[in-house]
Amino acid sequence: MIAVANQKGGVGKTTTTVNLGASLAEQDRRVLVIDLDPQGNATTGLGINSRTLDTSIYDVLLNDEPMEDCITSTSVLNLFVAPASLDLAGAEIELVSLMSRETRLSRAIEEVKDDYDYILIDCPPSLGLLTVNALAAASEVMVPVQCEYYALEGLGQLLHNISRVQRHLNPRLELSLIVLVMFDGRTRLGEQVAAEVREHFGWRVCRNVIPRNIRLSEAPSFGQPITIYDSSSSGAVAYRELAREVDNGSA
């Protein structure tokens with residue numbers, strides 16, 4: 001159960017969640033993607049129209065709907081999604097007054113977790129109650145880090161929050177994986193940032209890096225993961241390799 005988190009926006013959280021999920025599914029793993037981001041990009045990126053949903057993750061968190069009623073299949077065999085709807089934008093405020101507000105996702109996942117090999121949670125770019133729910137439910141945190149200036153900015157606060165959740169809500173939570181994304185090997189900056197991140201976090205940094213790739217940027221507008229949109233692109237190859245690394249590491 002992996003929460004994909006980084007409070008900085010635009011660093012590839014959703015791209016990584018969707019394409020890692022699709023790549024794991026391609027390798028015969030049953031995968032559930034939970035879209036906790038009010039922008040709903042993981043939902044639309046997997047071809048689901050959020051406006052036509054009867055039940056979304058909002059209803060699970062706020063109205064105690066069963067998780068299984070929310071889950072829908074995607075065009076990728078073995079890949080399922082608990083989609084976000086526009087209602088999720090108000091969830092941060094609405095959760096404040098509810099009982100057990102930090103652990104509502106964790107309790108909902110209990111009903112379905114044995115049905116999947118992997119559950120990937122796409123977190124919003126903030127450290128509010130939605131992200132806390134993800135961290136309280138997950139066993140691991142994966143952090144995509146952009147290979148650009150200020151890559152490590154804000155990571156200290158995320159690590160602080162992870163340790164707080166460990167102490168108070170979820171002692172089994174660990175920062176397990178850091179993924180270097182948007183890597184451009186033609187620039188010295190990309191190499192320098194990658195070296196700096198590896199120096200800081202050592203073995204937690206995945207060997208495989210995700211290159212800056214225009215096809216990765218295009219795929220969401222077609223409602224497809226990169227493995228379907230352009231199966232032979234460098235982005236698809238990189239996410240397949242990352243999926244093998246993640247899967248072998250957990251075997």
Side-chain angles (χ1 to χ4, degrees), residues 1-5 13-14 16-18 20-22 24-25 29-142 161 165 168-170 172-173 220 223-225:
M1 215 174 312
I2 303 172
V4 183
K13 286 187 297 294
T14 300
T16 294
T17 306
V18 166
L20 176 60
L24 287 166
R29 300 291 186 257
R30 275 178 67 86
V31 181
L32 172 63
V33 167
I34 297 177
D35 190 354
L36 268 198
D37 189 341
Q39 296 178 76
N41 291 335
T43 299
T44 55
L46 287 169
I48 308 299
N49 184 347
S50 60
R51 290 179 172 79
T52 62
L53 297 171
D54 291 326
T55 308
S56 71
I57 196 69
Y58 171 88
D59 300 296
V60 174
L61 292 174
L62 275 301
N63 301 327
D64 295 317
E65 292 281 348
M67 179 68 91
E68 62 186 291
D69 290 357
C70 159
I71 294 169
T72 183
S73 58
T74 71
S75 59
V76 180
L77 184 68
N78 293 324
L79 181 62
F80 301 82
V81 62
S85 65
L86 296 174
D87 296 330
L88 198 57
E92 291 275 6
I93 297 166
E94 293 173 68
L95 279 167
V96 169
S97 61
L98 295 183
M99 290 282 290
S100 307
R101 60 190 183 185
E102 298 98 344
T103 55
R104 295 180 76 81
L105 180 64
S106 179
R107 291 206 318 279
I109 288 175
E110 282 296 317
E111 311 163 11
V112 301
K113 69 178 185 181
D114 292 338
D115 298 336
Y116 301 96
D117 298 304
Y118 288 90
I119 297 175
L120 306 179
I121 309 171
D122 188 30
C123 297
S126 69
L127 294 174
L129 273 172
L130 289 173
T131 298
V132 169
N133 263 270
L135 297 178
S139 52
E140 305 176 28
V141 184
M142 171 184 279
N161 275 49
V165 171
H168 300 294
L169 292 169
N170 182 4
R172 67 201 171 97
L173 182 68
Q224 296 175 336

Heavy-atom distance under 4.5 Å between the side chains of I48 and V81, does that happen here? yes
With a 4.5 Å cut-off on side-chain heavy atoms, are N78 and V31 touching? no
Which heavy atom of [X] sits nearest to which heavy atom of [Y], and what is that distance?
{"X": "P125", "Y": "K13", "result": "CB-NZ, 3.8 Å"}
{"X": "L135", "Y": "A3", "result": "CD2-CB, 4.2 Å"}
{"X": "A134", "Y": "I121", "result": "CB-CG2, 3.7 Å"}
{"X": "A136", "Y": "T103", "result": "CB-CG2, 4.4 Å"}
{"X": "G45", "Y": "V18", "result": "O-CG1, 4.4 Å"}
{"X": "A137", "Y": "R172", "result": "O-NH2, 3.2 Å"}

By salt bridge (charged side-chain N to carboxylate O under 4.0 Å, His left out), which residues pair with D117, not counting sequence neighbours? none
Listed once per pair and sorted, the ring-ring contact (aromatic ring centres under 6.0 Å, His included) pairs that draw on [range], sequence neighbours left out:
{"range": "residues 42-83", "value": "F80-Y116"}
{"range": "residues 83-102", "value": "none"}
{"range": "residues 81-105", "value": "none"}

Pairs satisfying side chain to side chain donor-acceptor pair (under 3.5 Å), at least one member in residues 128-139, at least two apart: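 Found none.
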If a pair satisfies salt bridge (charged side-chain N to carboxylate O under 4.0 Å, His left out) and one of its residues is in residues 34-63, list it, with sequence neighbours excluded.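 Counting only pairs at least two positions apart or across chains, no salt bridge (charged side-chain N to carboxylate O under 4.0 Å, His left out) contact touches residues 34-63.
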Strictly by salt bridge (charged side-chain N to carboxylate O under 4.0 Å, His left out), give each pair with a member in residues 98-110 just once, sequence neighbours left out. D64-R104, E110-K113
Rounded distance (nearest 0.5 Å) linking atom [atom1] of [X] with atom [atom2] of [Y]:
{"X": "L105", "Y": "L130", "atom1": "CG", "atom2": "CG", "result": "9.0 Å"}
{"X": "L169", "Y": "S106", "atom1": "CG", "atom2": "OG", "result": "9.0 Å"}
{"X": "R30", "Y": "L32", "atom1": "CZ", "atom2": "CG", "result": "9.5 Å"}
{"X": "L62", "Y": "L98", "atom1": "CG", "atom2": "CG", "result": "6.0 Å"}
{"X": "E140", "Y": "I2", "atom1": "CD", "atom2": "CD1", "result": "4.5 Å"}

Listed by chain and number, what are the side chain to side chain donor-acceptor pair (under 3.5 Å) partners of [X], not counting sequence neighbours?
{"X": "E92", "result": "none"}
{"X": "N161", "result": "Q157"}
{"X": "T16", "result": "Y239"}
{"X": "S85", "result": "S56"}

Stepwise, does the side-chain contact (heavy atoms from CB on, under 4.5 Å) test hold for I34 with L120? CA-CA 6 Å; I34 297 177; L120 306 179; over 6 Å; no
List, one per line, each side-chain donor-acceptor pair under 3.5 Å for residues 68-76, sequence neighbours excluded.
residue : atom : partner : partner atom : Å
T74     : OG1  : V76     : N            : 3.1
T74     : OG1  : V76     : O            : 3.3
T74     : OG1  : L79     : O            : 2.8

Run T43 and V33 through side-chain contact (heavy atoms from CB on, under 4.5 Å) and show every step you take. CA-CA 9 Å; T43 299; V33 167; over 6 Å; no
Verify side-chain contact (heavy atoms from CB on, under 4.5 Å) between L36 and I57, making sure each step is shown before the conclusion. CA-CA 7 Å; L36 268 198; I57 196 69; 4.0 Å; yes
Could you walk me through whether I119 and I109 pass side-chain contact (heavy atoms from CB on, under 4.5 Å), step by step? CA-CA 9 Å; I119 297 175; I109 288 175; 3.8 Å; yes
